[in-house]
Amino acid sequence: MVETAGLMADETGALRCFWQGGLDDYRRYHDEEWGHPVVDDHRLFEKICLEGFQSGLSWLTILRKRENFRAAFAGFDFHKVALFGEEDIARCLADAGIVRHRGKIVSTINNAGRAVALAAEFGSLARYFWSFEPGPKERPARMDHATLIANPTSPTSIRLSKDLKKRGWTFVGPTTVYAFMQAMGLVNDHIEGCLCRERVEGLRTAFIRPR
């Protein structure tokens, strides 16, 4: 593997964003998920919760436990998770397949209740989150390695974080929210030269925003 300017070449010479590290599971996530526009409410809820669990850890750690998290949290059906009680908290704390952090588990249950209210107000979580998609003036002219590293948050992620916190959500700081935006396709942060950048931009261009 050769890494230069934030890009890593695979055995065929194809260039990808450096962070996937050439690991098979991480490469699939980079190629098949990261930056693709998402409107499924359960996936949106799952991702923002898992970003909260990632705090202090690597995303690869969470990715490799993702199926366990899905089993523990009812497929991230927020209507079901909102009904979790102390027995469910104890069950999750005993589950070695997930991150056993009481604060993050309780936060996920709390956020599920907040998600139910948000979906009722806006019609779906997708309508709410996609209303925060940044316009061209808020985006860098060129997404290179230096720009990506220098901007772990954005003006939009700060606004979205503040609004979520006002609505009672927890573990949704601006950095967590920006990582969520990157993954769910609200922005395209594949580095210039990455084999996925143009394809993801095409998906975003053709994507019908929820109204």
Side-chain angles (χ1 to χ4, degrees), residues 25-26 28-29 32-133 157 160-161 163-173 175-187 203-204 207-211:
D25 50 356
Y26 223 5
R28 285 194 301 274
Y29 175 74
E32 300 171 12
E33 293 188 52
W34 199 73
H36 291 212
V38 173
V39 292
D40 179 86
D41 277 6
H42 291 172
R43 283 193 60 200
L44 290 166
F45 180 67
E46 171 186 279
K47 183 59 176 172
I48 202 161
C49 291
L50 291 183
E51 288 293 348
F53 272 102
Q54 182 195 343
S55 179
L57 303 169
S58 72
W59 173 245
L60 184 58
T61 296
I62 303 301
L63 180 64
R64 288 176 172 173
K65 293 177 178 288
R66 186 166 61 173
E67 290 304 322
N68 297 328
F69 275 108
R70 287 171 174 169
F73 289 100
F76 287 95
D77 180 335
F78 48 90
H79 290 90
K80 293 180 180 178
V81 178
L83 300 176
F84 279 17
E86 285 298 328
E87 288 185 2
D88 297 288
I89 294 172
R91 171 178 55 79
C92 290
L93 285 171
D95 188 345
I98 67 170
V99 175
R100 294 181 288 182
H101 185 292
R102 183 179 179 87
K104 295 176 181 180
I105 292 167
V106 172
S107 174
T108 299
I109 298 168
N110 167 76
N111 290 351
R114 306 289 74 76
V116 171
L118 200 61
E121 179 180 350
F122 287 86
S124 68
L125 295 188
R127 285 181 182 174
Y128 170 78
F129 284 122
W130 279 93
S131 72
F132 284 88
E133 181 186 12
S157 78
L160 176 52
S161 172
D163 194 68
L164 287 169
K165 289 178 180 178
K166 184 176 68 177
R167 295 172 180 276
W169 291 64
T170 53
F171 280 91
V172 286
T175 301
T176 294
V177 168
Y178 191 60
F180 164 80
M181 293 172 63
Q182 290 173 310
M184 298 289 95
L186 277 77
V187 296
L203 292 172
R204 281 178 38 78
F207 175 63
I208 299 174
R209 274 66 178 166
R211 302 292 182 187

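Basis for what follows: all heavy atoms, side chains included, without hydrogens, waters or symmetry-related copies. We're numbering straight along the sequence, starting at 1. On a predicted model such as this, the values are computed, not experimentally measured, just so you know.
- Note that CG of Leu44 and CD of Glu46 are 10.0 Å apart. Values are rounded to the nearest 0.5 Å.
- One finds the OG atom of Ser161 at 12.0 Å from the NZ atom of Lys166 (value rounded to the nearest 0.5 Å).
- Listed for the Arg204 side chain is a donor-acceptor partner under 3.5 Å among the backbone atoms of Gly185.
- Salt-bridge annotation for Arg70 and Glu67: present, with a side-chain N of the basic residue lying under 4.0 Å from a carboxylate O of the acidic one.
- With Trp34 as the aromatic partner, Lys47 does not meet the cation-pi criteria of under 6.0 angstrom to the ring centre and within 45 degrees of the ring axis.
- Closest of all the heavy-atom pairs between Phe53 and Val99 is CE2-O, 3.5 Å.
- Side-chain contact between Val172 and Phe180 is absent, with no heavy atoms from C-beta onward closer than 4.5 Å.
- For the atom pair CG (Asn68) and CD1 (Ile62), the distance works out to 11.0 Å, reported to the nearest 0.5 Å.
- Counting heavy atoms from C-beta on, the side chains of Phe69 and Phe76 come closer than 4.5 Å.
- For Asp88 and Arg91, the salt-bridge test passes: some basic side-chain N is under 4.0 Å from an acidic carboxylate O.
- Heavy-atom minimum distance, Ala126 versus Pro210: O-CG, 3.5 Å.
- Remark: the backbone N or O of Gly52 is not paired with any side-chain donor or acceptor of Ser55 at under 3.5 angstrom.
- For the residue pair Ala72 and Ile98, the shortest heavy atom distance occurs at CB-CG2, 4.2 Å.
- Between Phe171 and Gly103 the shortest heavy-atom distance is CE1-O, 3.7 Å.
- Shown here is Glu87, whose CD atom has no more than 12 heavy atoms of other residues, nucleotides or ligands within 6.0 Å.
- A salt bridge is absent between Arg66 and Glu51; no separation between the charged side-chain nitrogens and carboxylate oxygens falls under 4.0 Å.
- Classification of the Trp169-Phe45 ring pair by plane angle, with boundaries at 30° and 60°, yields perpendicular.
- One distance of note links CG of Asp41 with CG of Asp77; it measures 10.0 Å at 0.5 Å rounding.
- Within the model, atoms CZ of Arg102 and CD1 of Ile89 stand 5.0 Å from one another, a figure rounded to the nearest 0.5 Å.
- Residue Gly168 comes nearest to Asn110 through the heavy atom pair O-ND2, 2.9 Å, listed as atom of the first residue, atom of the second, then distance.
- With Trp130 contributing its side chain and Val38 its backbone, the two residues share a donor-acceptor pair below 3.5 Å.
- Between the side chain of Asn111 and the backbone N or O of Thr170, at least one donor-acceptor pair lies under 3.5 Å.
- Remark: of the listed residues Leu164, Val177, Leu160, Leu160 is the sole one forming a side chain to side chain contact (heavy atoms under 4.5 Å, CB included) with Phe132.
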Between Phe73 and Cys92, does the side-chain contact (heavy atoms from CB on, under 4.5 Å) criterion hold? Intermediate values first, please. CA-CA 9 Å; Phe73 289 100; Cys92 290; 3.9 Å; yes
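- No side-chain heavy atom of Phe84 sits under 4.5 Å from any side-chain heavy atom of Ile105.
- Under the 4.5 Å side-chain criterion, counting only non-hydrogen atoms from C-beta, Asp25 is in contact with Leu60.
- Within the model, atoms OG of Ser107 and CZ of Arg114 stand 10.5 Å from one another, a figure rounded to the nearest 0.5 Å.
- Across all their heavy atoms, Glu133 and Arg209 have their closest contact at OE2-NH2, 2.7 Å.
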